[in-house]
Amino acid sequence: MPNNLNSNGHYNLSKEEVSLPCATLKMSAVDNNIAWMQRFAKQTNVLLCPHIKTSLTPAIISKQIEAGAWGVTVATIQQAFVAKACKAKNIILANQLVGKSNFDLALTLIDDNECQLLVCIDSISNASALNDFFQANNMSLNVLVEIGVNGGRCGVRNKDELGTLISFIRSCSNLSLQGIEFYEGVIHSENEVNEIREFLFYIEEMANQYLDSSIFDTCQPIITGAGSAFYDLVVEMFSSLPAAYQKIIRPGCYVSHDTGIYDRAQKNLRTRLLDSNSISCEISGDLISAIEIWAYVQSRPEQNKLIINIGKRDVAFDSDLPKLERAFRFGQPLDISFNNIVATSVMDQHMFLDVPIDCTLEVGDIVVFSTSHPCITFDKWRYITIIDDHDNVIGWMKTEF
């Protein structure tokens, strides 16, 4: 929050006009990222249904929808209400809907027919419970059968179980089978690209088989997958499927991007695109890291150690730790090298930096960090500070975590 209210509502972070720490989003970068991914989807002939759990920020979600997203993806039925409030017409719950209270919420969401909700199913017990509930309420629920991978999370693991589940869903009077859902991002290994392609080949095989068998309750069935790291591989597979399918990708972290795991993933993806024989895609520009954390040097208890006033309550720490990008003193940028300054650990509200003994950073200096895995940073904040390209605060956006 600002330490003093200005009549024009504008504040500068480097001049200490806003209390720190705070999380910031550079709006020009967010707008660039939204436009870039929408262009990618258009050029590769797929529909974009971004996963909004990344930001869960209505102002950003609305921008994604206005830019042309087919719909949005959510992880919980509660998040679906945020999506509906943002005027999303298509909502994919990329998860199982389990439990009567959650069934009640789904019923409320779709009762006025203002949006389409699609939920994932991977078990007969869940399908049976959903069918009984919606039958009792004289409503139908649109469902996607989820195909999973061994060692992954949800999703049916083999062809026999998949066939049995689909047969059961087709026997349910109040479930409407609309397509296939999968998620390739749970595959991690030294050979993950090839293993993902093998999984996607299996998805392609099942998709062709089921389209030929006319098992879906629609003439335009959905096939949907893709997180934020391998969406090019999914699009590559989609390009081989019949046009009857609505081909939908669901990346989420692109909206703010990062300088960690998704920056590395995007670089690898761009390399694969250059080598691809099946994707014709020439998109200028690229995703830009938009999210930062501003903080203070709080202590220098040892010559080679700084303590920063951020921690697990403020920033993502599940993959890479934050990376120091800039520093300010008395409103002016500091001309120092950050190459040998490394975050080593975090506590609840302290972060440890190893620094060279001759590092000139002092207690009270402002330090600005980029992050990795933006989802985990977003959900720490009720309000995100919005800045322009000159670190001026131009507003705040409320999150809905």
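The heavy-atom pair separating Y262 from H257 by the smallest distance is O-CE1, 3.3 Å.
Salt bridge annotation for D391-R326: present, with a cationic side-chain nitrogen under 4.0 angstrom from a carboxylate oxygen. With respect to the salt-bridge test (charged N to carboxylate O, under 4.0 angstrom), the residues R313 and D348 qualify. Remark: E302 does not engage R300 in a salt bridge, criterion side-chain N to carboxylate O under 4.0 Å. By the 4.0 Å N-to-carboxylate-O rule, D318 lies too far from K312 to be salt-bridged with it. Taking a cutoff of 4.0 Å between a charged side-chain nitrogen and a carboxylate oxygen, R272 and E236 do not qualify as a salt bridge.
Within the 4.5 Å cutoff, side-chain heavy atoms of F352 are placed close to those of M347. T399 has its side chain out of reach of L56: every pair of non-hydrogen atoms, C-beta onward, lies at least 4.5 Å apart. L25 places a side-chain heavy atom less than 4.5 Å from the side chain of S256.
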Listed pairs under 3.5 Å, donor-acceptor, residues 80-104 side chains, sequence neighbours left out:
{"unit_1": "K84", "atom_1": "NZ", "unit_2": "L109", "atom_2": "O", "d": "2.8"}
{"unit_1": "K84", "atom_1": "NZ", "unit_2": "D112", "atom_2": "OD1", "d": "2.9"}
{"unit_1": "K84", "atom_1": "NZ", "unit_2": "D112", "atom_2": "OD2", "d": "2.9"}
{"unit_1": "N90", "atom_1": "OD1", "unit_2": "Q116", "atom_2": "NE2", "d": "2.7"}
{"unit_1": "N90", "atom_1": "ND2", "unit_2": "W70", "atom_2": "O", "d": "3.0"}
{"unit_1": "N95", "atom_1": "ND2", "unit_2": "A75", "atom_2": "O", "d": "3.2"}
{"unit_1": "Q96", "atom_1": "NE2", "unit_2": "E146", "atom_2": "OE1", "d": "2.7"}
{"unit_1": "K100", "atom_1": "NZ", "unit_2": "D104", "atom_2": "OD2", "d": "3.0"}
{"unit_1": "N102", "atom_1": "ND2", "unit_2": "V98", "atom_2": "O", "d": "2.9"}

Please list every donor-acceptor pair under 3.5 Å in which a side-chain atom of residues 362-370 meets a protein atom from a residue at least two apart or in another chain.
{"unit_1": "D365", "atom_1": "OD1", "unit_2": "R329", "atom_2": "NE", "d": "2.8"}
{"unit_1": "D365", "atom_1": "OD2", "unit_2": "R329", "atom_2": "NE", "d": "3.4"}
{"unit_1": "D365", "atom_1": "OD2", "unit_2": "R329", "atom_2": "NH2", "d": "2.8"}
{"unit_1": "D365", "atom_1": "OD2", "unit_2": "E362", "atom_2": "N", "d": "2.7"}
{"unit_1": "S370", "atom_1": "OG", "unit_2": "T259", "atom_2": "OG1", "d": "2.7"}
{"unit_1": "S370", "atom_1": "OG", "unit_2": "E325", "atom_2": "OE2", "d": "2.6"}

Steps toward salt bridge (charged side-chain N to carboxylate O under 4.0 Å, His left out) verdict (D258, R264) = CA-CA 9 Å; D258 69 9; R264 293 191 294 273; over 6 Å; no
Start with the C-alpha gap between V145 and D122, add the side-chain angles, then the distance that decides, and say whether side-chain contact (heavy atoms from CB on, under 4.5 Å) holds.
-> CA-CA 6 Å; V145 63; D122 70 353; over 6 Å; no
R250/E181 under salt bridge (charged side-chain N to carboxylate O under 4.0 Å, His left out): CA gap, chis, key distance, verdict = CA-CA 11 Å; R250 310 190 310 269; E181 188 271 352; 2.8 Å; yes
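Between the side chain of D389 and the backbone N or O of S28, no donor-acceptor pair lies under 3.5 Å. Here the side chain of S123 pairs a donor or acceptor atom with the backbone of N126 at under 3.5 angstrom. Looking at T377, its side chain does come within 3.5 Å of a backbone N or O of A316 through a donor-acceptor pair.
Rounded to the nearest 0.5 angstrom, F401 CZ and K53 NZ are separated by 9.0 Å.
Between F40 and W36, the two ring planes are parallel [angle under 30°; tilted spans 30° to 60°].
Listed by chain and residue number, nothing satisfies the ring-ring contact (aromatic ring centres under 6.0 Å, His included) test with F168 (two or more places apart in sequence, or in another chain).
Just one residue in the list T73, I61, T57 forms a side chain to side chain contact (heavy atoms under 4.5 Å, CB included) with I52, and that residue is I61. The side chain to side chain contact (heavy atoms under 4.5 Å, CB included) with L233 is formed by just one residue from the set R197, E192, E184; it is R197.
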